[in-house]
Amino acid sequence: MTRYLIRQFTISLIKLFVFLTFMFFFIQIVMPGDFVDQFAMGCDAACREEMRVQLGLDLPLWNRYFHWLGQVVRLDFGESMFGEPILDIFKRVIPPTLLVFVIGTVLAFMIGLWLGKVTSWRERGIGSRLITLGGLVLFTSFPPWLTYLVTYLVTKGGVFQVVGGRGGLRGPNFTGLDRLLWQKVELSPSEVIITMMICVVISALFLFLLKFIYERLTKSKVPTLMFVFLIGLWAVSGWQMWGIDDLAFDIMTIAYIPMVTYILLAFGEFMLIMQASMRDVKNSEYVQIARAKGLPESTVRDQHAARNALLPVLSRLVISLPYLITGVVIIESSVGWPGLGTNLWNALYWQNMPVVMNTLLIVGIISLGARLIIDVIAAYLDPRIRYQDFQTNHT
Amino acid sequence: MTVSENVLDVKNLVMHYRTRKGPVYAVDNVTFHVGKGEAIGLVGESGCGKTSIALSLLKLLPTNADILNGEIRIMGDDIVPLPEKKMNKRRWRDISMVFQSAMNSLNPVFTVEDQILEAMLEHVPHLSEEEMNEKIDSLFDLVGLDPSLKTQYPHQYSGGMRQRAVIAMALSCDPDLIIADEPTTALDVIVQDSILKQIRDIQKELNMAMIYISHDIAVIAEVSERVGVMYAGKLVEMSSTENIFHNPIHPYTMALMSCFPSIVGEKTELVTLPGEPPDLLAPPPGCRFHPRCPYVTEICKEQDPDYKEHTQGHYAACWHPGGEK
Amino acid sequence: MDPIPSNHLEKAYNYYRNGQLSRASQLLVELIKHDPGHEEAWYLLSYVLKDLDRQIYAVQRVLRINPLNQKASIRLRKLSVLREEEDAGETLSSETAEGSPPQVTRYTEWTRDQQITDHGFSHTQRLKFRAHNFWRRFKMNWNIFAQSRLAILGLILVFIFGLLTIAYPILRNTVWASSVYDPITGFDMKVFPHPVPPGSRHLLGTDTLGRDVLSRLLAATPHTFVIGLTAAVATAIVGTLLSMAAAYFQGNVDTAITNLADVFIMLPAPVMMVIIGTRFREISPFVLGLFYGVLTGAGGTTLVMRAQAIQIVSKPFMEAAQIAGGGGRHIIFKHLLPSLLPLAALQMMVAVTGAVVADGFISFFGITRTISNWGTIIYDAFIYAGISGTGVPWYSLVPAAMCFSLFALGFYLISRGLHRVASPELRRR
Amino acid sequence: MAQKNGKTLVNINKLSKLFPVGQGIFGKADSFVHAVSDFNLQIKVGESVGLVGESGCGKTTTGKLITRLLDPTTGNILMDTEEGPVDIALLKGKEMKTFRRRVQMIFQDPYESMNPRMTIFDTVAEPLNVQGIGSMSDRETMVADLLETVDLVPASSFLFRYPHELSGGQRQRVAIARALIIKPDFVVADEPTSMLDVSVRTGVMNLMQDLADQFDVTYLYITHDLAVARYMCDRIGVMYLGKIVEIGETEDLLHNPKHPYTQALLSAVPVPDPTYTRNPIKISGGITKPVDPPPQCRFYNRCPLADEYCKTHDHPPRKEITPNHYVACYHA
C-alpha cells in the first residue's frame, strides 16, 4: 500500500511538472504582449524597455523558464510583478477558496451519494425521476446564471451587485462584510477563515474517533445526518471558544452563496455517477444474498449495495475533480469571492506571470493531493486494495 | 390447513417476467413437495426456470417478475401472500440458499465472519456473543474450513473456500430447507467432488431438507434422492433418482439421459436431440417439447399434457409416457 | 469397409424431417454405396435431393429394385407431371428474359422455408441487404435509446434549437426589418425608453441599447452550434485516435497516453478559454471550438474511451480476427473502431455541454467579442445597465441564460440515451 | 477416425511461456508465472488430441501459443509443411498470414467470440476476406454452403442475422463454420461445448466429429471435462501446472491411469448413474498459480505418493509405460 502511494506520488510530481511546463510556454506563446504592455499603457518605448529589464522580461523564454523552475524547486514563490510577495497573496486568497471548495465538495459529495443511492433504489418512483431531472438541470446549467439565481433567491432580489461584467477584474475583496465589526479586530478575513477551518477539521476528527469508539462498544450505527449535524454544532461552538464567532458568522453570511451555488452545481454529477454504479451493484449476487438473509431493506441498501457502489464512484471522481475546480473558479469570479480563482483572473488579465504560474502550481497540487486522498479513502473502503499491495500483473 | 409432513409444498406455481416483448412464463404450473430431511434435485437446461423457482421460494424476485398463481407452503404456511416484513423474518431462518457463483456471492468489503454474523444478529439475536462465535467456529469446521480464517476477507479465499464459506453462511440459522443453486458449477472437478461430499454429509447429519439445482445430471445423481426434470418453465417429470435414471418416462428425460457422456462403462453412441429449447416468449402450443419429440402425435401439438402420477411416486407430463403410442 | 449401422436410414429420415437435407443425402449416399440395392434409401433419397431430374432417377431406381412399390410409382407419376410443368415454365421464362441476365429476386424478402441452390447476389441486392441491415441496427439502437424518456426530451430540445437556427434568416428576410431587428445595429425608434419589456412588437423585449432580444438570441444560435459541434468532433477524434492507439499497442504507449491524458485533464477549461480569448479577440467560433475540444475535452474523453477500448481489445472476437489472419489495420478498422463509435458519440455530446458553457463564460466576462453570442447578451445586459443606470433587464438576462442551460441540457440528455446504446450490458437483455 | 498416415503434423518441443507478475516502483517484473513450461507434444495428421486439466493449469495458454496468439518464451512449435517442418514462432508477415490459413481456433464463449456488430455472413467470411479468397459471390456461396453443412438450414435465414439473434448452440455452429471456412489442417478447440446446454452439446460434438472426417481436420481439444474428451479424442493428455503429466490413448488412459493426479482427477468426476459408487482418492490442497515454482515435481505438495526422492529431484521425465502411454512420475 505504502509502496503504491509512493509510486503514485512520484508519478504525480512528474505530471505536475509536465503540466506546469506546458502552461508556462502555452501562456507565454499564445497570449500577445506581456505584463508591461498591460500595465504601463502610458509609457513610451524607452520607459517600457527599462521596465522589462527590471522585471527580467527581456530575457529569452528559455532563460525565464529555467529561472522559474529554479524558484519552484527551491519552493520560493518569489514576488508578483507588482512587487508583492506571492506567499502573502496566497495567504490572502487560498483560505476563502478552500472554505468553499472543501466544505462544498464534501457536502455535495454526501448529498449526491445519498440522493443517488435513494433514487436508484426506487428507480421507478416519481420522486426519483424528479430528483434525477433536477440534478441534470442543475448540473448542466450555466454557472454564472446559477449564481445569479441563488443570489437573487436568497437575497429576495435585494442585494445584487455581485454578478457583473468584468467581475474577474475587480480587486479581490469581501464587499459584503460588516465594516464596523472588522475595524475592531486586527484579524483579516483570511485568518479568520483559517481558524474556522481548523475548528471544523479538529471537531470532525474528534467526532470520528468518538463515533468509532461508540460504534465498537455498542455495535450500532450512528446516523450520518446526525453525525454531520454534530460536527457542525461542535465546530460552531469551537468558533465561539476562539472568540471569532461574530466574524465567522459575518463571513458565512456571504460565503454561503458561492457554497450553495457550488453544491447545487456539483451534486448532480455525483448523483448521476452513483446512480450508474448502484445500478450495476444492485443486481449482484451478494446483494441478492443479503436480501435472502432477511436483512432489512435499508441495511441491504446502505451496507451492501451502497458501500460497494462507492468504489467506482471514487475512481470516477478522479476524472471529475478538475471540472469541480473549474466550477469553483467560475463561481468565485461570478460572485466576486476573493479566492484563488478571482485572483487568477486578475493575474491573467495583467499577464502577471509569476502569480499565474504559482496559482496553477497550487491548483495542480490541490488536484493531485485530492487524488492521493481519494486513493487512501478507496484503500480504506476496499480490502482488496488494502491487502493487495498493488501487485497488478499485466497478463 | 393441517400441519403437513412436508417442509415445502409447492402447488400450481406460476411466475412470469414482464419484458418489453411480452410476458415470459419462466415457471408455469409447477407442483412438487419436499419432505423432511429429503434431498431433491432439479435438473434442466439454462433458461428452463430452475433458478426462477428458487428465487420464487424465497420471494426474491426482481421488480419485473410476479408470482401470478399458486401456493408455496413452508412448514404448512403459505408464504405467497406474506408481506415483505414478515417474509424477511422467514428468510434464512426457514429457508436459505447457496447461490451459483462462488466468486460473487460474498460481499468483498466485509469479512466472512461479519457476513455470517449479520444474518445471525437478525434472526437469532437471543444468542450471546460467545455463542455466536462458537456457532461460527463449528460451522467452519463442518464445511471443512479452518476457523482461524473467518476474520479474512473473501478475496483472500480461493474459489472452493468461498463456496464453503457460503455454505456455512447458509447453515448459520439452522434452516429447515436449503436451496443450492448450482453451487459447484464454477469449480474444478476435484474441488467440486469434495464439496459435493461435504454437502451430502451435512445434509444427512443435520437431517435437513435440500433442493439441489443443477444442469449436470451426474452431480444430481450423486446428491439427490428424488429428481425433478424441468423443460421450458415446466416440471415434466419427477420421481426417485433410480426411476429417473433407469426408467424415465418422459421423452425429454430419456433423451437427456442418453446424451450425457460418462467416463465409466462402455463408450456408447450419444443421442442427438434435434432443435433448440423453445423461446419462452413464444412457446410452442400444446406440449412444449413436441417440436423436438420423436413420439410426437397430433394431440401433443394441440393440448398440454397434465402433470400426473403414472406409477407410485412417479409424476410426468406426457401424452405418450415411455414412448408408447 | 465398416458395416453401416442399421440406424443410418432412421437418422437420415430424422435429418430430412428437420430440414437438414444435405446431411440426410450424405448419409443416404453412403448407405447406397454400401448396398446399392437398398430400396428404402433410394426412395427417401428422392425426397432429399433438390434437383428434379435426380429425384426422378432415384424413384426409377426404386422401381427397378422393386417394381411393385406402390408409393414409388405414385411418386414417379407426380414427379413427371412436375417435370413437364417445369419444362414449359423454363421455355416461357427464357423467352421473356431474353437479353438481360436472369435476375434472381428470391433474396429480397425471404422466409425460413426458402431453399437455396445459388448463393450469388447481384451488386444491387448486396447493397440492399447492407441498407436493410443498417436500418435494422438503427432501429434496434433507437429502441434502446428511446427507452429513456429524458433522452427523447434532449433530442426535442436540440431539435428546437435547430429550428431556431433556421428561423432567424427566414424571419430576417421576411418580416423583420433590418433597421429594427438587426442583432447588433438594430434600434426601434417607435418605442421609448429602452429597454422595453416583452410585448407584441418585441416578443422578448429590447435591451438597453434598443435591440430586439429575440432576434439577438436567434442570431446567436448557429454560433453556439458551431462551437459545440466543433469541440465535440475534435474531442471525439482525438479521444478515439488516442484510445485506439493505447488499446492496440498497450505497454509503454498506453502508459504514455494515459499519463498525458491525466495531465491534460488538469488544464482548467476557463483559464484556457480566457488565454485563447485574449489572444484572438474576434475569434471565430470554429477555432474556439477546436481549441476547446483538443485542449480541454480530450483528456477526460481519452481516459474514458481508453478503458472501453482496452476491454474491447481483450474480447475473444479480437483473437478470432487475429486468427483469421487480420493484421493491425483490419483489427483496428473492422473491429475496434466500430465498437468505439457509440462511445465516441456519447463523449461528443458531453463535450458539447462543456464547450458551450466555457464559451458562454468567456463572452459573459466580455473577454471575447464574438459578433453575437448568448453570453454577450448577458454581458451587455449588465454592463449597459451599469452605464445607463436602468438596472438589469430580466427579460434579456433570463432567456439568454436559459438558452445556455437548455442547450447544454439537451445535449447532455442525448448523451444519457447514447450511454444506454453504448453499454453492452443493457444491450444483451 | 482411423489414423491417416501417421505423419506428424505438429511437433511441440520444450515449449515454455512465462508471465511476469508483480512490479517494483518503476514496473520491472520481479517474478514469473510459469504458465506453460517444458511442454512436449506430437500431434499426428488426422487424429484428435485432448488436453484436460483444471482451470489454471495452462491449457488455454498452450492453445494460444499453438495458434500464435501469444509468443512462446522458449521452445518451438514445428508445423509440417510441404518444405518440411517450420517453426511457427519465427513466422512473420506474409508467411504468418499463410500460416493462419492452416491453423484455426474455436473459442469457448459463443457470445464473446463474435463481434456483436457483424452479421453472421461477415463473421464467417472474415477469414476469406482477410486472406483475399474468392470474389464476393464466391464467398457468399461458400459461406452459405458451409452454414448448411453445420446444420444451419436454410442458410439464407441466418446469413444476415446478428449473433445476438441466435441461440447458444447456433452461435457455436457459426463459430465452427468460421474456423472451417478456409479449410485448415489443424483446429484448436478451446472448450467449444462447455457453455452449451446438454441437449445441444451432443449435437455440436457429433457435428465436430463428422466435420473432422469430411474436412480432414486434425483437432486439439482443450477441455476440463474428461467425459467430453472421451467422446471427442483419440488421445488425451492430462496437464498439471504447465506440464503434461500423463498422455495416452483415450480408453487406455481412462481405464489404467498411472499418474496419481490423473487417478485423483478421474475418481472425482461424477457419474450420471445413481447406482454407481465412486471411491474418490483424496488429494490435499488446491491448484495454485505456479509463481517461480521450485524445480521438483510440480505435483509434489499435493501428491499422496510424494517422498524424499521426489523432493530432491527435478520434475520427473516422461517415460513410456505401455505403448503410446507416457507418464511423468517417479512412482508410476
Side-chain angles (χ1 to χ4, degrees), chain B residues 43-48 158-161 184 186-194 196-197 214-225 227 231 240-246 252 255-279 292, chain D residues 52-57 151 166-170 193-207 209 224-232 236 250-251 253-255 261 264-278 280-289 302:
Chain B
V43 66
E45 300 174 85
S46 62
C48 73
S158 71
M161 284 159 76
T184 61
L187 304 173
D188 278 315
V189 240
I190 294 178
V191 185
Q192 164 177 298
D193 182 53
S194 78
L196 280 183
K197 190 174 176 320
S214 179
H215 69 275
D216 189 337
I217 62 167
V219 171
I220 289 282
E222 302 218 335
V223 291
S224 48
E225 294 153 26
V227 177
Y231 183 77
S240 69
T241 312
E242 279 277 338
N243 269 339
I244 289 286
F245 279 84
H246 296 307
Y252 176 65
L256 207 58
M257 294 305 142
S258 49
C259 72
F260 210 90
S262 167
I263 61 159
V264 298
E266 283 296 297
K267 184 172 167 180
T268 47
E269 182 93 348
L270 297 179
V271 172
T272 307
L273 204 54
E276 303 265 342
D279 179 6
R292 301 172 78 184
Chain D
V52 296
E54 293 175 278
S55 54
C57 73
D151 291 347
L166 266 53
S167 73
Q170 289 170 337
T193 58
S194 73
M195 313 256 306
L196 300 180
D197 277 325
V198 207
S199 73
V200 180
R201 191 167 71 182
T202 8
V204 173
M205 278 160 63
N206 286 343
L207 173 72
Q209 273 176 341
H224 67 275
D225 191 335
L226 275 158
V228 170
R230 182 188 188 191
Y231 279 87
M232 302 300 292
I236 294 180
T250 304
E251 295 298 314
L253 184 103
L254 292 182
H255 293 118
Y261 177 68
L265 200 62
L266 282 173
S267 73
V269 178
V271 174
D273 183 353
T275 49
Y276 184 89
T277 38
R278 299 179 285 122
I281 300 164
K282 196 141 170 70
I283 58 171
S284 56
I287 202 162
T288 45
K289 255 191 186 173
R302 290 175 77 189

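The figures that follow rest on heavy atoms only: side chains count, while hydrogens, waters and symmetry mates do not. This is a predicted model, so every value here is computed, not measured.
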For [X] and [Y], work out which heavy atoms get closest and say how close.
| X | Y | answer |
| --- | --- | --- |
| D:S55 | B:D188 | OG-OD2, 2.8 Å |
| B:T184 | B:L196 | CG2-CD2, 4.2 Å |
| B:R292 | B:P274 | NE-O, 2.8 Å |
| B:D216 | B:F260 | OD1-CZ, 3.1 Å |

If you count heavy-atom pairs under 4.5 Å with chain B, which of D:H255, D:H224, D:E54 comes out on top?
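Of D:H255, D:H224, D:E54, D:E54 has the most heavy-atom pairs under 4.5 Å with chain B.
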
So which of D:V204, D:V269, D:L254 has the largest heavy-atom pair count under 4.5 angstrom toward chain B?
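Of the candidates given, the most pairs with chain B belong to D:V269.
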
One thing to verify: whether D:R230 and D:E251 come together as a salt bridge, which I'm taking to mean a side-chain N less than 4.0 angstrom from a carboxylate O.
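Looking at D:R230 together with D:E251, the answer is yes, because their closest N to O distance falls below 4.0 Å.
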
In terms of heavy-atom pairs under 4.5 Å with chain D, which of [options] leads?
| options | value |
| --- | --- |
| B:G47, B:C48, B:A221, B:S224 | B:A221 |
| B:D279, B:L273, B:I220, B:V191 | B:L273 |
| B:I244, B:L256, B:I190, B:V189 | B:I190 |
| B:K267, B:K197, B:M161 | B:K267 |

Between D:N206 and chain B, with a heavy-atom cut-off of 4.5 Å, which part of the residue counts as in contact: side chain, backbone, both or neither?
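D:N206 touches chain B through side-chain heavy atoms alone.
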
Select one option (side chain, backbone, both, neither) describing which atoms of D:L266 are under 4.5 Å from chain B's heavy atoms.
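Its backbone and side chain both get close to chain B.
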
Distance check, rounded to the nearest 0.5 Å: B:T241 atom OG1 versus B:H246 atom NE2?
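NE2 of B:H246 is found 10.0 Å from OG1 of B:T241.
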
Taking atom CD of D:Q170 and atom CG of D:L196, what is their separation to the nearest 0.5 Å?
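Between D:Q170 CD and D:L196 CG, I get 11.5 Å after rounding to 0.5 Å.
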
Which answer fits B:E222, side chain, backbone, both or neither, if we ask what part of it has an atom under 4.5 Å from a heavy atom of chain D?
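Just its side chain gets close to chain D.
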
Tell me, side chain or backbone of B:S158 under 4.5 Å from chain D's heavy atoms, or both, or neither?
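For B:S158, there is no contact with chain D at all, as no heavy atom is under 4.5 Å.
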
